[in-house]
Amino acid sequence: VRAADVCYVEAHGTGTKLGDLIEAEALSAVYSESSVHLGTVKANIGHLQAAAGMAGLFAALAALQHAAASSGAGDDDCLLAAVSSRSTAGSLAHVVVASRARDRVSPPPQWVAHIPQYTPVVVPYTRAHPQAQLQQTHIPAPVAQRAVDPCSAQRRDRDDVAIIGLSCQFPGGVTDLSSLWSVMQTGKDCTSEVPASRWDTAAITAHYAGQVDPDTLSRIRHGGFLADDELHGAPMETAECIAGSVYAAVCAKLGASDDLSHRLLLHGTLAAIADCVAKNTPNTNTNTNTNTNPSHPYRSCDSMAACLRDANTGVFVGGPGLLNQTTPEGHCGQNVSQPTHSSLAAAASGIAEAFELTGPCLATDTACSASLVALHLAVRSLQRGECGVAIAAAVHIIRLEMSMACAVAGMLSPDGKCHTFDEGANGYVRGEGCGAVILKRLADAERDGDFVYGVIRGSAVMQDGKSATLTTQSVNM
């Protein structure tokens, strides 16, 4: 993958002047001889922390879909996007995703989304960036590109991983790539003041009077929240699901769980399975990649679940280590089994149990990069042949105690916005949501005629080493 071929970068960009400047300088080092469209969906839905990388992946896929449609790209053209995610502890994860399974890479299309008033969503990033502080940034020499591998086609067949199904639940009623792109394109702000069903900011401020600065605590009043029915409701009742035993099994699993993170992950996995079924059912949409083979096994959730069991499917979940210290409303849980049932490990095993999956099953907590780290591990597991299909999922729910901790640490924006790559950068606003993707080796997906959303062409995980503070990126990365 050459940097010059990437047309869109979904940056980590949480909206701090120092952090954004360091990230922008790193991007300029990579893309110094080209221009890319730079964005971050955090400006729209908030910082989903452990699920932020998954939200970034979905934003990149939505951008690629729009770019391919608006640039007149042909069936043999391929567009590339890059996604980055960094944790407060310095763990970084990167993914490069392609719009389709083709070898010929198209030049970056000339498209720019609407720029909302408070921060850029998609803007050209070049040496002549309009921000004065970035114009003064030293631009290192371009990094050397690797020589073309004569065996690239064979490597692609072995290493590339297809995204064959997905689901998401993000603030603002975002449930698919189309609604996410609409939010990005219009610059919609999906954040709000905290719902009354969560907590009373004024009462909390009064309770901590004399202990915590009121201006600091006032920063917990904003967030990118899911609606109450999205948190507590039943799983989607699509035609592909409602009649099947898988739907009944998931409903039974949900009925036994009072952990909202577990519920969202089960919802998301079932929705991703239903999406696979819908995309491989004839006449469900006009996309030429839709499978019209009547004998394709993904004809119902039950039949696909059977295929997942036979494929030794793996489960890879990214999220906070302890999912449910308190309820979202701030009350301590009373469930005596909370230490085990509310752990991230239990969330991953809960998916495997609900769908009777026996492949690798693990959970990762690397803070804000957790979801892309989980995705990276899923890709590696597929490439090593440890599993035939992989489910990568991530979840984050806004909890009162963590919002308070972030406010006291000075991380949160006083106006409740992510002013990413903007002179007004002053911190971030927290967000919540869930995303899930179903992955398959590209060669297997092409063999089976699966619908393909995009192709993961590469991924990497690293640590940024020594830095000024725990939460500051290293200037050497």
Only pairs under 3.5 Å count here: list side-chain donor-acceptor contacts from residues 384-393, not counting sequence neighbours, and write none if there are none.
{"unit_1": "R384", "atom_1": "NE", "unit_2": "E386", "atom_2": "OE2", "d": "3.0"}
{"unit_1": "E386", "atom_1": "OE1", "unit_2": "S381", "atom_2": "OG", "d": "2.9"}

Side-chain heavy atoms of I204 within contact of M404, under 4.5 Å: yes

Side-chain donor-acceptor pair present, H12, S84, cut-off under 3.5 Å: no

T205 vs S218, side-chain contact (heavy atoms from CB on, under 4.5 Å): CA-CA, chis, key distance, verdict: CA-CA 7 Å; T205 302; S218 70; 5.7 Å; no

Derivation and outcome, side-chain contact (heavy atoms from CB on, under 4.5 Å), residues V41 and E10: CA-CA 8 Å; V41 77; E10 176 68 20; 3.7 Å; yes

Considering all heavy atoms, the nearest S459-V95 contact: CB-CG2, 4.1 Å

Cationic N near anionic O, under 4.0 Å, E432 to R198: yes

Between D176 and S178, a side-chain donor and acceptor under 3.5 Å: no

Donor on one side chain, acceptor on other, T366 and S369, under 3.5 Å: yes

Min side-chain heavy-atom separation V212-V408 under 4.5 Å: yes

Test item: P171 and T191 side chains (from C-beta on) under 4.5 Å apart, heavy atoms: no

Heavy-atom donor-acceptor pair, S371 side chain to M54 backbone, under 3.5 Å: yes

Side-chain donor/acceptor of E23 to backbone N/O of G13, under 3.5 Å: yes

V194 vs T201, side-chain contact (heavy atoms from CB on, under 4.5 Å): CA-CA, chis, key distance, verdict: CA-CA 8 Å; V194 59; T201 302; 3.6 Å; yes

Heavy-atom side-chain contact between P360 and F316 under 4.5 Å: yes

Side chain proximity check, C7 to L64, heavy atoms < 4.5 angstrom: yes

Gap separating the NE2 atom of H66 from the NE2 atom of H37, nearest 0.5 angstrom: 9.0 Å

Separation of I45 CD1 from K188 NZ (nearest 0.5 Å): 11.5 Å

Any donor-acceptor N or O pair under 3.5 Å, side chains D275, Y453: yes

Gap between atom CD1 of I22 and atom CG of L27 - 0.5 Å precision: 12.0 Å

Shortest non-hydrogen separation from A370 to D365 and the atoms involved: CB-CA, 4.3 Å

Interatomic spacing from CG in N44 to CD in Q185 - rounded to 0.5 Å: 11.5 Å

Any L79 side-chain heavy atom under 4.5 Å of Y8 side chain: no

Heavy-atom pair with the smallest gap, counting every atom of G223 and I398: CA-CD1, 4.3 Å

Student check: side-chain heavy atoms of L80 and R457 closer than 4.5 Å: yes

Side-chain touch I163/L439, heavy atoms, less than 4.5 angstrom: yes

Minimal non-hydrogen separation, D20 against F421, with atom names: OD2-N, 2.9 Å

Heavy-atom pair of closest approach, residues L177 and A62: O-CB, 3.8 Å

Reported OG-to-CG distance for the pair S87 and L92, which is rounded to 0.5 angstrom: 7.0 Å

Smallest separation among heavy atoms of A445 and I164, with atom names: CB-CG2, 4.2 Å

Check: L265 main-chain N/O paired with T269 side-chain donor or acceptor under 3.5 Å: yes

By side-chain contact (heavy atoms from CB on, under 4.5 Å) - contacts of Q49 (at least two apart): H47, C368, H396, C406, Y428, R430

Side-chain donor or acceptor of Q211 paired with backbone N/O of Y208 under 3.5 Å: no

side-chain contact (heavy atoms from CB on, under 4.5 Å) assessment of K42 paired with T14: CA-CA 7 Å; K42 293 179 179 68; T14 47; 3.7 Å; yes

Side-chain (R441) to main-chain (L382) donor-acceptor, under 3.5 angstrom: yes

Side-chain donor or acceptor of S28 paired with backbone N/O of E25 under 3.5 Å: yes

From S85 atom OG to L375 atom CG, the distance as rounded to the nearest 0.5 Å: 11.0 Å

